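Worksheet: the structure to be examined is printed underneath.
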2 protein chains.
Amino acid sequence: MIIIGELINGMYKDVTRAINNREADIIQHLALEQVKEGASILDVNTGPYSKDPTRDMKWLVETIQAVVEVPLSLDSTKADVIEEGLKITRKRAIINSTSADTDRMDIIFGLAKRYNAQVIGLTMDKTGVPNSKGDRLELAQAIVAKAIEYGINTEDLYLDPILLPLNVAQAQAAEVLESLREIRLLCNPAPQTVFGLSNLSQGAYKSRSIINRTFLTMAIANGLTSVILDPLDRKLMDALITAELLLNKNIYCESFLDAYRKR
Amino acid sequence: MIIIGELINGMYKDVTRAINNREADIIQHLALEQVKEGASILDVNTGPYSKDPTRDMKWLVETIQAVVEVPLSLDSTKADVIEEGLKITRKRAIINSTSADTDRMDIIFGLAKRYNAQVIGLTMDKTGVPNSKGDRLELAQAIVAKAIEYGINTEDLYLDPILLPLNVAQAQAAEVLESLREIRLLCNPAPQTVFGLSNLSQGAYKSRSIINRTFLTMAIANGLTSVILDPLDRKLMDALITAELLLNKNIYCESFLDAYRKR
């Protein structure tokens, strides 16, 4: 499982404050903690309140790279913000993200080709997020086709069927589960699958943790290959480690949780 | 989800003692507690130490039926012990179980037909438990064919791909997960799927609970329709309820765990 840590995101107030005040230690602490708890990639998002997202992205990437060596997922709706990150990332980056809209895909896959980056593709377009597995797969297929057109290896494509909050779109969770399974069959080599887990439980105050970890294990059973989550959620990581154990990805021993963390 | 409570089983020392001493209150307490916590069926097994399993089965069924009204799963390797239960069960019973061996199936499906019972069919035969999904499906198909031969409705057949202890057969858990999905496609109406969950974590002392509940949610994601488990394991039931919510089987509300339990 490729674990993408979600915590360096200006959506969180303390991160926005750290960005605005250039408090490198706060960002670096979040980077170090997430990697320590199992993140293999860190998502970097300047957030909705950034006044100068291009400069903020540059500062974040430099600040994070000063303390950890993992690849970064450059998370922005603005192509120039992503490119600012791509210019200076030392490890191969992931662009987070493109939609299935042709104009956006042309920009993002162009960047991916130029900078040898991987790409997260969201199965949505200008009309919104589809309501069914079938429509998700149709958009996924369009993204795959465009990636191939740009000479992107389909293994470097992360397709995200988009988790919606359970409290507003309950029926969609099952559609996402089945989409995960079928996305893997779209092409060879199979694309990665991914989603932003926390989105599922937006607004579910007291049950967020159990909703997230239960869905994650169900998605792993359906072949999920990577996920954007909070790696500091210990119970969530326990569930992830156990689910992978049950799929025989790691060797069982009595202390398998500790063994995984000591790797 | 059809939840079959596993606790009335002579395998447990206190149950064997209660059976031997005819302590009805202990058995009835276990029956009431399991139903209260969500069991829709109770498994009844006199256990390996019973000196007179036929009389013990009769006493257990009468004792349980004096306090709860749920159907019973008559769990024995001996056909005469099962039949003793079938004679007196007031609700439609489940026979637990037949293997895929022809002689056993003829006896069990004969009983099922005579007493209008449902049947759990284990995908194993005299040579043991298969090592692959393919071999499990082959035995499942043989059980389905025999059930049809006896005029049993395939919806009344519970096919069990058999969970083995993770510490001795780790690779089999994933085979079971995929078997669950494909068993449902064997015939129309689809057979139920079931397994004894606790078997998975035999010998995994400190991790039993997380292994059981993680696998259960993964199996639910693969279409599991019923399960034999300990309904008094609160965290396990929380996981089950949440997994069903995520498949849109119950309506989301902020207090969905409480709401489910108050049904």
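Quick note on labels: first sequence line is chain A, next is B, and so on, each numbered from 1. Given the structure is predicted, the values throughout are model-derived calculations rather than measurements.
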Trace of the side-chain contact (heavy atoms from CB on, under 4.5 Å) decision for A:Ile211 with B:Tyr252: CA-CA 11 Å; A:Ile211 289 172; B:Tyr252 174 81; 4.1 Å; yes
As an exercise: rank A:Ser255, A:Cys253, A:Ala239, A:Gly203 by heavy-atom pairs under 4.5 Å with chain B and give me the winner. A:Ser255
Please check if the number of heavy atoms outside B:Glu33 that lie under 6.0 Å from its CD is greater than 12. yes
Within 6.0 angstrom of A:Gln202 CD, more than 12 heavy atoms from elsewhere: yes
Determine the option with the most heavy-atom pairs under 4.5 angstrom with chain A, choosing from B:Ile220, B:Leu257, B:Ile251. B:Ile251
Between A:Phe256 and chain B, with a heavy-atom cut-off of 4.5 Å, which part of the residue counts as in contact: side chain, backbone, both or neither? side chain
When rounded to the nearest 0.5 angstrom, what is the spacing between CZ in A:Arg181 and CZ in B:Arg181? 3.5 Å
Side chain, backbone, both or neither: which part of A:Asn222 has a non-hydrogen atom closer than 4.5 Å to chain B? side chain
Taking every non-hydrogen pair under 4.5 Å, which of B:Ala174, B:Ala173, B:Ala243 racks up the most with chain A? B:Ala243
Between atom CG of B:Asn248 and atom CD of A:Gln170, what is the distance when rounded to the nearest 0.5 Å? 4.5 Å
Name the member of A:Leu200, A:Leu247, A:Ile210 that forms the most heavy-atom pairs with chain B at distances under 4.5 Å. A:Ile210
So do the side chains of A:Leu177 and B:Leu246 get within less than 4.5 Å of each other, counting heavy atoms only? no
Quick check on A:Arg213 against chain B: is it the side chain, the backbone, both or neither that has a heavy atom closer than 4.5 Å? neither
Heavy-atom distances under 4.5 Å only: say whether A:Leu216 touches chain B with side chain, backbone, both or neither. neither
B:Ser207 versus A:Glu254, closest heavy-atom pair with distance: OG-O, 3.5 Å
Which bit of A:Glu178 is near chain B, if near means a heavy-atom gap under 4.5 Å: side chain, backbone, both or neither? side chain
Side chain proximity check, B:Asp238 to A:Thr214, heavy atoms < 4.5 angstrom: no
